[in-house]
Amino acid sequence: MSDEHFHASRVTRHASRLKINILVSGTYGDIIPHIALARGLQSAGHDVKIAAGENFKNLVERYNIKFYGTSSDYERVMKTDRGRAILQKKGNINPFRLHHHILPSKFREFVDAWTGAQWADLIIGHHMIVGLLDIAEALEVPLILSSAMPLLTPTGEFPSIPGPTCSFGRTFNRLSHAYYRFIQAVIFEQRINKWRRHILNLPPRPVIREIFTDKFHDLKGKPVPLLYHFSPSLLPRPSDWPDSAFISGRLILKQDEFWEPPADLLNFLDSGPPPVYIGFGSMTLMKPEKITEIFMKAMSVTEQRAILVKGWGGMTVENNDMVFSIDYVPYEWLFPRVSAVIHHGGFGTTDSGLRAGRPSLLCPFFMDQPFWAKRVKLLGVGPDPIPQNRLGVKVLVNAIGELVHNRNIRKKAEALGEKMRHEPDGVSAAVNWIESLFPGR
């Protein structure tokens, strides 16, 4: 099937009504694109339910989508002292580092996902949920895996995301993907096989095949359809990906329909030159007061106005003529009104800032954040990233100076934003592709 078909600009009818269960795990940035997808599928006539952490119940139901709560609650976990400490350690996070704190909730999530998927005749599962292949096999329903990270499909073009971002050639890159799957098998396989035996009444997984396969297969050897919802302008499709991997483009949810900008925010924006955005989204900080102080000193030295969006990080300041602090602002509304974006490197924030044509400085923590930080640098739309454990006033001052005054960076960011804004609608492309997998059903 051609890319032209995949990137159709409107939803066409391929399938009769499907009962679709969308299983999501993770943070705010993980749930938002799946709400957008659910709305698109509902508009196409399908019966859709989202299963996610209870902390997202109100958000999902606000958009008139049926909701099923699970034990996934990254906000609660990451706001504990242990969760904050995990994010402060040097190097990327892997399952070994999460074993005693976050992984128990992942195992509980398996049972929740199994319960919530009983009614569905199609499962769309977020890549962070453990045991999706097993649940789909037990229920004998098709599965589509969904991710904003180019994580699940091996490639020689870049290494596996949880590892170092540096590439040592195609062979090394492909081996790094096999190594990541091996790590997953070591951590998860024993528990999953116990569930398979006692809950699902299934035989053990074929572990070796799953580690070294060139494609992402289900447990019977059939390629699993993979929905990647990142911008192809931000990361072009790897040439060695199989046909089962589809890039829809970003799944954008219009979030300002339930939101009105407060008068004091509008007054701040109107009172001077466009400010710099600062925010760490769903990342929690071990010492938010110290990080806030570093940023405020850097903004003072560079004489830049700033809007600080608190998110889960805990940063806060007293509002004044130079700085405005607020709990939440929709990125699609705010970013066209700022001069630059400084953030943690989550995919949603990265995409939104670049889509608005704004140069970006990334201060990555873990997982895909160093990967997107490297992409921003390679595309020339931001200065060298500053890992969160290297944040300091001097290095931040230098980076802000380049971010705001480097004309080449600003021109490239504007050009990339223009290109991203003219991409086909990701939700329509995703819905068309999903329906094309079930012709005449």
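Reckoned from all heavy atoms, side chains included, excluding hydrogens, waters and symmetry mates.
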Original post:
Passes side-chain hydrogen bond (donor to acceptor under 3.5 Å, both in side chains), R250 versus S352? Steps please.
Top reply: CA-CA 10 Å; R250 188 175 172 205; S352 295; 2.8 Å; yes
Subject >> Centroid-centroid distance, F67 to F56, less than 6.0 Å >> reply: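 So the answer is no for these two rings.
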Original post:
So, do F280 and F295 have ring centers that fall under 6.0 Å from each other?
Top reply: yes
From [X] atom [atom1] to [Y] atom [atom2], the distance as rounded to the nearest 0.5 Å:
X: L416; Y: S231; atom1: CG; atom2: OG; answer: 7.0 Å
X: H34; Y: L253; atom1: NE2; atom2: CG; answer: 12.5 Å
X: L362; Y: H344; atom1: CG; atom2: NE2; answer: 8.5 Å
X: L226; Y: I247; atom1: CG; atom2: CD1; answer: 11.0 Å

**OP:** Kindly check if the number of other-residue, nucleotide or ligand heavy atoms within 6.0 Å of NZ (K419) is above 12?
**Re:** no
**OP:** Using only heavy-atom distances, determine whether the side chains of R375 and T350 contain a donor-acceptor pair under 3.5 Å.
**Re:**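 There is no such pair between these side chains.
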**OP:** For the residue pair S176 and N173, confirm or rule out a side-chain donor-acceptor distance under 3.5 Å.
**Re:**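 N173 and S176 do not have a side-chain donor-acceptor pair below 3.5 Å.
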Original post:
For the residue pair G357 and R421, what are the closest heavy atoms and their distance?
Top reply: N-NH1, 3.8 Å
**OP:** Would you please classify the geometry between the Y331 ring and the F335 ring as parallel, tilted or perpendicular, with 30° and 60° separating the classes?
**Re:**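 The rings of F335 and Y331 lie parallel, inter-plane angle below 30°.
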